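Only one structure is covered here, and it is reproduced in the block below.
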Amino acid sequence: MSDTLNRERLLRAYRTMRTIREFEERVHTEFATGDIPGFVHLYAGEEASATGVCMHLRGDDYIASTHRGHGHCIAKGVDPVGMMAEIWGKSTGSCKGKGGSMHIADLSKGMLGANGIVGGGGPLICGTALAAKMKNDKTVGVCFFGDGASNQGTILEAMNLATVWSLPAIFVAENNGYAETTSSSWSVACDNIADRASAFGMPGVIVDGFDFFAVHEAAGEAVRRAREGGGPTLIEVKVSRYYGHFEGDQQTYRAAGEVQKLRDEKDCLLQFRRRVTADGDITDAELGTIDAEVLALIDDSVVRAKADPKPGPDDLLTDVYVSY
Amino acid sequence: MSDTLNRERLLRAYRTMRTIREFEERVHTEFATGDIPGFVHLYAGEEASATGVCMHLRGDDYIASTHRGHGHCIAKGVDPVGMMAEIWGKSTGSCKGKGGSMHIADLSKGMLGANGIVGGGGPLICGTALAAKMKNDKTVGVCFFGDGASNQGTILEAMNLATVWSLPAIFVAENNGYAETTSSSWSVACDNIADRASAFGMPGVIVDGFDFFAVHEAAGEAVRRAREGGGPTLIEVKVSRYYGHFEGDQQTYRAAGEVQKLRDEKDCLLQFRRRVTADGDITDAELGTIDAEVLALIDDSVVRAKADPKPGPDDLLTDVYVSY
Amino acid sequence: MARKITYQQAINEALDQEMARDPSVIVMGEDNAGGEGSPGEMDAWGGVLGVTKGLYHKHPGRVLDTPISESGFIGAAIGAACNGLRPVAELMFVDFMGVCFDQIFNQAAKFKYMFGGKAETPVVIRTMYGAGFRAAAQHSQCLYSLFTHIPGLKVAIPSNPYDAKGLLIQSIRDNDPVIFMEHKVLYTMEGDVPEESYSVPFGEAAVVREGDDVTIVALGRMVSFAQDAAQALQKNGIHCEIIDPRTTSPLDEDTILESVEKTGRLVVVDESNPRCSMASDIAGLVAQKAFGALKAPIEQVTAPHVPPPFSDALEDLYIPNAAKIESAVSKIREYG
Amino acid sequence: MARKITYQQAINEALDQEMARDPSVIVMGEDNAGGEGSPGEMDAWGGVLGVTKGLYHKHPGRVLDTPISESGFIGAAIGAACNGLRPVAELMFVDFMGVCFDQIFNQAAKFKYMFGGKAETPVVIRTMYGAGFRAAAQHSQCLYSLFTHIPGLKVAIPSNPYDAKGLLIQSIRDNDPVIFMEHKVLYTMEGDVPEESYSVPFGEAAVVREGDDVTIVALGRMVSFAQDAAQALQKNGIHCEIIDPRTTSPLDEDTILESVEKTGRLVVVDESNPRCSMASDIAGLVAQKAFGALKAPIEQVTAPHVPPPFSDALEDLYIPNAAKIESAVSKIREYG
Ligand SMILES: Cc1ncc(C[n+]2csc(CCOP(=O)(O)OP(=O)(O)O)c2C)c(N)n1
Ligand SMILES: Cc1ncc(C[n+]2csc(CCOP(=O)(O)OP(=O)(O)O)c2C)c(N)n1
Ligand SMILES: [Mg+2]
Ligand SMILES: [Mg+2]
């Protein structure tokens with residue numbers, strides 16, 4: 001698990017971020033056609049966060065995610081084809097169509113689920129980390145949560161517990177400025193979410209969430225410390241979402257041009273491309289190839305998702321219990 | 001509401017602390033006879049905290065208390081005679097015998113209840129403080145809670161909310177070193193509970209809870225700020241309890257001689273007496289008179305509590321709803 | 001004067017009128033105005049589905065956004081109710097009750113009793129429930145049986161715009177804590193609603209349809225399904241009486257029992273999961289208190305004992321519907 | 001070999017034996033050892049009433065104290081169950097479920113379904129319930145109906161030491177999340193308990209007493225009250241059959257229904273508050289599925305719809321007792 005960013009790893013990072021972006025942009029378009037049911041929260045804009053963190057993770061490390069979970073899933077290795085089918089409610093979906101966008105999970109990939117409950121993942125990741133510690137398997141747990149969730153008791157309790165039990169856990173606060181319509185500058189009573197780290201006896205770091213390299217570096221240190229038994233870290237990723245809270249949101253609470261400015265000036269994919277091609281190690285053409293491959297993958301996932309069968313009546317009553 | 005400690009106020013402070021002490025020592029003795037039902041948590045040792053804080057409060061200021069609530073009740077002006085009857089489960093009790101030790105309340109005195117749920121009072125006091133703010137009546141709300149409760153999500157959420165809404169609320173963390181058997185040095189992931197204040201955007205203060213004057217001063221400043229619209233404060237009171245977690249606790253988790261040493265060297269009543277008599281303003285005899293009066297009051301409360309009638313069958317079904 | 005407005009508009013109007021009438025009424029919840037601290041518009045949402053939209057500007061300072069900390073702000077609403085306000089707090093989806101239930105069931109519900117009668121807690125907790133939005137297991141539950149189980153709480157479940165307005169006004173004026181359940185699928189339902197203020201009393205069921213053959217007790221969204229079923233059954237000469245309890249706590253036992261005394265047959269329709277549900281509660285009531293009149297087994301039409309599924313294909317099977325009600329009625333109609 | 005030990009000892013022994021058998025079993029809760037970080041003895045308490053006492057030293061590193069943050073550590077137990085452990089987490093009193101219910105009912109209970117079957121969450125949540133300790137409204141509730149309502153949870157309610165051990169062992173070996181309800185008054189109850197390990201299967205009721213006249217279904221502590229009542233009624237020539245469901249989810253419907261088919265009469269005894277309770281659940285079941293056999297109304301003997309009172313004078317009236325069961329039985333015995 002070297003975290004040196006060699007060519008291969010840089011290309012992988014780009015592919016992951018591009019896959020998330022393409023996935024989300026495509027869900028956005030498809031949602032507008034009325035074809036996708038339920039509540040859908042898009043991660044576009046925040047790709048560097050999930051990617052920069054999950055690049056450090058092994059398959060058997062766990063992450064707990066949020067209602068805005070597509071990016072975390074993809075970064076942790078969940079199959080986008082199954083995800084797309086899940087979002088369409090098809091039996092071929094990651095969860096056989098029973099979970100939907102807010103509950104995509106794949107425990108075989110260490111992905112403990114998107115979560116419809118804000119803050120729900122904090123305690124859970126303490127649990128996977130506790131198990132890791134007791135099994136001494138050197139795995140870690142990462143809890144992604146939002147600025148809104150940072151005010152939820154479950155997250156705060158989990159941070160205390162992680163330190164008290166000295167768990168290999170990393171808390172990644174994705175501060176995208178809003179919880180639904182509410183500004184984090186209003187709802188979070190201190191200046192930075194990272195300032196809460198000291199209240200729970202752990203290091204706190206702030207990183208620019210548009211900068212993959214910054215996230216990657218901070219996460220690398222936190223993951224290393226956790227693996228070595230050094231306990232938890234809180235990382236605040238300052239970032240933004242490009243779409244509404246959920247699809248359908250008119251976003252009148254945002255400033256005019258806010259998102260466009262970020263897209264133009266800070267976008268994580270643009271920044272990444274500029275930097276790696278400037279370094280000369282990677283060419284625009286290579287990235288273009290990845291773009292095309294990703295596009296094909298997502299196209300395919302949508303075609304399949306549309307064509308795949310829905311679950312049948314028998315599926316309604318199964319999967320509640322192992323035995324009953 | 002001057003908070004200058006003139007003679008009259010000093011005598012009042014002493015009477016309050018002495019009343020709490022006498023009340024608790026007496027409950028301890030009576031419990032041992034097997035006469036008192038249920039779970040009883042004594043406040044002896046911590047008198048300076050409730051007293052030092054509540055001296056600043058008006059009748060219409062609210063406090064929210066804990067399972068260890070007798071001291072807060074007495075300091076806020078609840079009648080010890082009704083309290084004793086309540087602890088005995090009598091119909092003359094503060095709550096007609098329906099609540100017991102863990103639920104003594106008197107809203108007419110601004111006492112919103114002892115609470116059987118650790119951390120339960122945090123949100124509630126945000127509420128009374130919100131009402132105060134909306135009515136602009138210049139009252140404040142004080143939430144007493146323990147070191148154990150300082151790890152409970154409800155308390156942490158309440159502190160954030162109090163700052164976000166800029167409420168006239170004071171959070172008094174009574175750190176008596178233990179939550180049941182568990183050391184606060186273990187369960188609280190940072191050095192001092194007061195260190196959590198900055199995580200929730202409020203000032204944090206640490207005071208010696210055996211020193212009435214220290215508590216009084218810190219609380220005075222916090223209450224003044226809250227009344228003036230300056231928002232919440234977190235005060236950590238470092239203190240100890242003289243008895244077990246509840247009556248019956250063998251306390252093998254404590255160090256040998258731990259309590260005796262505190263009683264001998266730090267006791268709030270002894271310190272107070274030494275200081276005010278040394279200043280020459282108040283005589284030992286005056287304090288002795290108060291001691292005797294308090295003793296008589298508590299004696300009387302026990303005699304009455306024993307003699308008073310229990311609630312009758314008709315009382316079982318009343319007081320659930322205002323109307324149903 | 002009655003006009004047709006939606007269930008959602010009826011709720012907004014009830015809040016608006018009560019806020020105008022009584023300055024102690026305040027509204028709070030996540031994004032209940034929306035936009036707090038943000039650079040754009042205030043009142044940006046008026047709640048996640050716009051139910052409280054407009055109140056922020058009409059009642060300055062009395063619609064509060066909150067951080068995401070349900071224990072914190074629901075508890076604050078309860079504390080404020082103890083100190084002279086009449087807060088209406090929104091728990092966005094009832095599915096979130098698990099992060100704040102203590103404040104509701106151990107604090108608000110029990111104050112009066114634990115304190116020997118010397119407390120009043122006039123708080124209203126508005127919350128959205130129910131399936132049909134493809135919102136999956138954590139955003140589609142009913143859960144009113146959990147609140148109904150708790151002494152000290154009242155629970156209102158309006159099935160139409162008229163009741164939504166009247167029950168909410170009653171909830172706000174009521175001096176006990178009330179859980180006010182809003183079915184998200186009903187928000188767009190239209191119905192006659194008087195403009196003037198009125199209240200629907202608690203513990204008085206509505207007899208939605210009269211009939212002699214079978215009693216159907218249905219809750220919330222299930223009432224309209226029961227009506228569809230009754231309509232269809234009418235064609236087969238089966239006359240259903242439909243009772244909408246409107247509040248489950250208090251429950252109007254008399255109206256239910258009288259109806260069963262007449263029909264001798266009962267179907268209870270409850271969108272909840274079946275175990276320890278309102279369906280079983282009402283079945284148990286009737287099996288105890290109207291047994292002598294019963295001519296057939298009491299049928300319960302509920303969701304199955306599974307979490308709400310996401311896929312529309314499954315969710316449509318999960319939710320009770322008119323066809324299932326019809327077949328339950330037919331079954332006991334033919335019994336014995 | 002059976003010896004007499006207490007319900008409390010039986011629970012301790014079940015934990016001990018399962019920890020010895022399976023290294024993935026861990027125990028956690030507030031003061032479950034006791035003394036963490038404190039200057040005195042470790043294992044100072046073994047839980048608030050000493051139920052887990054001794055396990056700390058027998059199973060080093062596998063009995064964890066926790067901060068007071070039930071969402072945090074109950075959720076952690078659930079997360080750990082997803083990552084290969086079999087945690088037994090203690091929620092000290094079930095009354096505290098309101099600060100951590102979300103982790104139980106929206107997370108543990110729903111993972112398997114929401115994730116399309118691809119998750120297992122073998123967690124046990126042990127918790128104390130019930131009145132009788134003069135512990136008042138926030139420390140005396142039953143609340144198992146709330147868990148029974150939730151699909152995805154299993155709920156075990158042992159009424160005696162034998163079942164306490166066997167059901168707890170089954171709970172730990174079970175691959176679904178289990179709520180294990182321990183009645184605090186029963187801790188001192190003695191009974192025959194084999195030393196060797198055994199499990200009591202879920203969903204199999206015990207027929208505690210056979211009789212032809214009236215079926216009594218009783219839960220937890222109520223089973224022994226039912227036995228007292230049956231004893232007394234026997235003298236009047238009334239022969240009661242007593243059924244102890246042992247688990248409410250899954251519920252052994254067949255044993256209950258078969259008994260009622262035989263007796264035609266049912267009393268359900270449940271210490272809970274009455275609304276949407278197990279009493280109503282079982283009454284509703286029988287009114288639907290054994291209606292044809294019923295000769296009399298189904299009586300429910302429960303606590304009243306009020307919070308548990310503190311004073312012994314009131315609490316003794318609050319709790320169902322043998323006399324109330326007797327009179328319910330007599331009433332329906334004489335019916336019709
Ligand atoms: C316990 C709970 N409360 C409220 C909600 C409704 N809700 C869903 S997402 C959301 C905002 C979350 O904000 P944040 O944590 O900043 O994450 P973001 O949406 O910005 O990614 C809210 C209030 C919920 N799902 N769960
Ligand atoms: C939510 C909840 N969890 C656990 C308990 C059990 N309990 C009662 S008091 C207590 C310890 C509280 O410790 P602390 O907050 O330090 O207060 P202290 O007893 O020291 O005054 C515990 C764990 C409870 N009553 N409520
Ligand atoms: Mg956010
Ligand atoms: Mg303490």
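What you see is a predicted model, and the numbers here were worked out from it, not measured in a lab. Just so we're on the same page: letters track the sequence lines, and every chain starts at 1.
- If you tally non-hydrogen atom pairs under 4.5 Å between each of B/G100, B/G312, B/S184 and chain D, the highest count goes to B/G100.
- Using a 4.5 Å cut-off between heavy atoms, D/D312 touches chain B through its side chain atoms alone.
- Between B/F246 and B/H41, the ring-plane angle classifies as tilted under the 30° and 60° cut-offs.
- Counting heavy-atom pairs under 4.5 Å between each of D/A33, D/P39, D/G72 and chain B puts D/P39 at the top.
- Proximity to chain B (any heavy atom under 4.5 Å) is restricted, for D/D95, to the backbone atoms N, CA, C and O.
- If you measure heavy-atom distances from D/T66 to chain B, the contacts under 4.5 Å come from the backbone alone.
- Within 6.0 Å of CD on D/E190 lie more than 12 heavy atoms contributed by other residues, nucleotides or ligands.
- Chosen from B/S185, B/S183, B/A149, the residue pairing most often with chain D at heavy-atom distances under 4.5 Å is B/S183.
- For B/D319, no part lies under 4.5 angstrom from a heavy atom of chain D.
- For B/I36, no part lies under 4.5 angstrom from a heavy atom of chain D.
- Side-chain contact, B/Y43 with B/E174: a donor N or O sits under 3.5 Å from an acceptor N or O.
- Note on B/N151, B/V320, B/L316: by heavy-atom pairs under 4.5 Å with chain D, the leading option is B/L316.
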- Message: Checking B/H103 against D/F310 for the ring pair (Phe, Tyr, Trp, His ring centres under 6.0 Å) test, could you report, in this order, the C-alpha distance in whole Å, the side-chain angles of both residues, the deciding distance, and whether it holds?
- Response: CA-CA 9 Å; B/H103 304 295; D/F310 166 65; 8.5 Å; no

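- Among the candidates D/E315, D/E30, D/E70, the residue making the largest number of heavy-atom pairs closer than 4.5 Å to chain B is D/E70.
- By number of non-hydrogen pairs under 4.5 angstrom with chain D, the leading residue of B/S91, B/G148, B/G120, B/G146 is B/G148.
- Taking the six-membered ring where the residue is Trp, D/H139 and D/F96 present perpendicular rings, their angle passing 60° and hence far from 30°.
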- Item | Criterion salt bridge (Lys or Arg N to Asp or Glu O under 4.0 Å) on D/R134 and D/D316, from CA distance to verdict | CA-CA 9 Å; D/R134 324 310 187 191; D/D316 289 344; 2.9 Å; yes

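- Residue with the most contacts toward chain D among B/K310, B/K98, B/Q152: B/Q152 (heavy-atom pairs, distance under 4.5 Å).
- Between B/R68 and B/G244, the shortest heavy-atom distance links the atoms NH1-O, 3.9 Å.
- Looking only at heavy-atom pairs under 4.5 Å with chain B, the residue among D/G37, D/G35, D/S38, D/P67 that has the most is D/S38.
- Annotation: D/F147 is not in aromatic contact with D/Y144 [ring centroid separation under 6.0 Å not met].
- Between B/F144 and B/H72, the ring-plane angle classifies as parallel under the 30° and 60° cut-offs.
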